[in-house]
Number of protein chains: 2
Amino acid sequence: MGTAADLLRSAGVKVTPGRQRVLDALCSASQALSHADVEALLPDADRVTLYRVLDSLVACGLALKAVDARGVFRFSASAVQRQHEGHVHFRCTDCGGVFCLEAAPPSPPQLPHGFRLAEIALDVRGTCANCSRTG
Amino acid sequence: MGTAADLLRSAGVKVTPGRQRVLDALCSASQALSHADVEALLPDADRVTLYRVLDSLVACGLALKAVDARGVFRFSASAVQRQHEGHVHFRCTDCGGVFCLEAAPPSPPQLPHGFRLAEIALDVRGTCANCSRTG
DNA sequence: TTGCAAATGCAATATTGTTGCAAATAGCGG
DNA sequence: CCGCTATTTGCAACAATATTGCATTTGCAA
């Protein structure tokens, strides 16, 4: 099943309480979390340990690391992020959240000779409803 | 004409030596410059003044502020940036090169209520002609 | 030329992220 | 179950990037 411990085991890293709690937080979050967000959710954890736990989750492929509009790193669970693969999505430049849009996937454009297409993504950026209101 | 002083005047801000030099640097740069980059180009300028000059150029619309992958702010002259506006880009996953495609820019999809659109980009990934041959 | 709002320079401070090192611990072999 | 070892954790110090406060200077318009 998909408990945090199982995910960690199958990713080949040691199962520690810190990693389980952080991964749980990322998985149940509705948007990418900054280090400060995680720290607020897990007040007992050490600052530096959190940075290292987050980086270790990225290193083993369980989390993704991105940068938000303020230049702050944000982390999201890869499993959650993968739900949006192939969708047309809206990326909030403020909070880093990703939202699926009800839109037809883009059709591949004409490529110059010799170019090989691997992936095509329509990337729509802006501020989501929540950030527009509070920003 | 398009001197830095003229651009500043028509943007409605005071023409100061610092702003002229920074705007010149941004206009002649081939990529977006970080604060540290600008500081290296203008070693006599005060660190804090540079931050404020850069922000003032953004505020009056002459420069754009973005964040790079390391979470560092980068600034570019708006005029330069506009050259690539609306292009469709092909990103080679092998060599990292970016190529402009001759394709119609995508049309914006319907957004949920409250969402604000800032930018829309069709991101096409694959291998370029050169890397396809040698790969 | 003069006055004033805006810009500058400097010092201090905030925020975010990293490094070094000793103590604790997960996972493994016995 | 027991101990060994590499990994992880906690703490302190540090580093990089960005912001704030305030006194002084300067652009520019009347």
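The figures that follow rest on heavy atoms only: side chains count, while hydrogens, waters and symmetry mates do not. Every chain is numbered from 1 and lettered A, B, ... according to where its sequence line falls, protein lines coming before strand lines.
Remark on the helix from C:dT1-D:dA30 to C:dG30-D:dC1: inter-end axis angle 30°, axes from five-pair C1' superpositions, rounded to 10°.
Salt-bridge check for B:D55 with B:R52: failed, with every basic side-chain N at 4.0 Å or more from each acidic carboxylate O. Using a cut-off of 4.0 Å between Lys/Arg side-chain N and Asp/Glu carboxylate O, A:D6 and A:R9 are scored as salt-bridged.
With A:L23 as the partner, the side-chain contact (heavy atoms from CB on, under 4.5 Å) test is satisfied by one option alone out of A:T3, A:L62, A:V15: A:L62.
Between D:dT7 and A:T16, no contact under 4.0 Å exists linking OP1 or OP2 to a side-chain N or O.
Between the P atom of C:dG9 and the OH atom of B:Y51 lies a distance of 16 Å, rounded to the nearest Å. Note: CZ (A:F73) to C1' (C:dT18) measures 11 Å, nearest angstrom. Counting to the nearest Å, the P atom of C:dT8 and the CG atom of B:L50 are 9 Å from each other. For B:Q20 and C:dA7, the CD to P distance is 14 Å, given to the nearest whole Å. In this structure, CZ of A:R47 is placed 20 Å from P of D:dT8, rounded to the nearest angstrom. Computed from coordinates, the A:D46 CG to C:dG20 C1' distance equals 14 Å when rounded to whole Å. Atom P of nucleotide C:dT16 and atom CG of A:L54 are separated by 14 Å, given to the nearest angstrom. D:dT17 atom C1' lies 11 Å from atom CG of B:D68, rounded to whole Å.
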For B:K65 and B:L54: C-alpha separation, side-chain torsions, deciding distance, then whether side chain to side chain contact (heavy atoms under 4.5 Å, CB included) applies.
CA-CA 9 Å; B:K65 186 178 190 175; B:L54 287 167; over 6 Å; no
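Looking only at distances, a side-chain donor or acceptor of A:S78 sits under 3.5 Å from a matching main-chain atom of A:A63.
Hydrophobic clustering (side-chain heavy atoms under 4.5 Å, transitive across Ile, Leu, Val, Met, Phe, Trp, Tyr) keeps B:Y51 apart from B:L57.
The residue among B:V15 and B:D55 whose nearest nucleotide of DNA chain D is located toward the 5' end is B:D55. Of the two residues contacting DNA chain D, namely B:V72 and B:K14, the nearest-nucleotide position lying further toward the 5' end is that of B:V72.
Set against C:dG17, C:dA26, D:dA12, the side chain of A:V48 has D:dA12 as its closest nucleotide.
Scanning all heavy atoms of the two residues, the minimum distance from B:A25 to B:L41 falls at CB-CD1, 4.1 Å.
Looking at heavy-atom distances under 4.0 Å, A:R70 makes contact with sugar-phosphate atoms alone, never a base. Nucleic acid contact for A:T49: base, since at least one base atom lies under 4.0 Å from a heavy atom of the residue.
The base of C:dG20 sits within donor-acceptor range of the side chain of A:R52, with an N or O pair under 3.5 Å.
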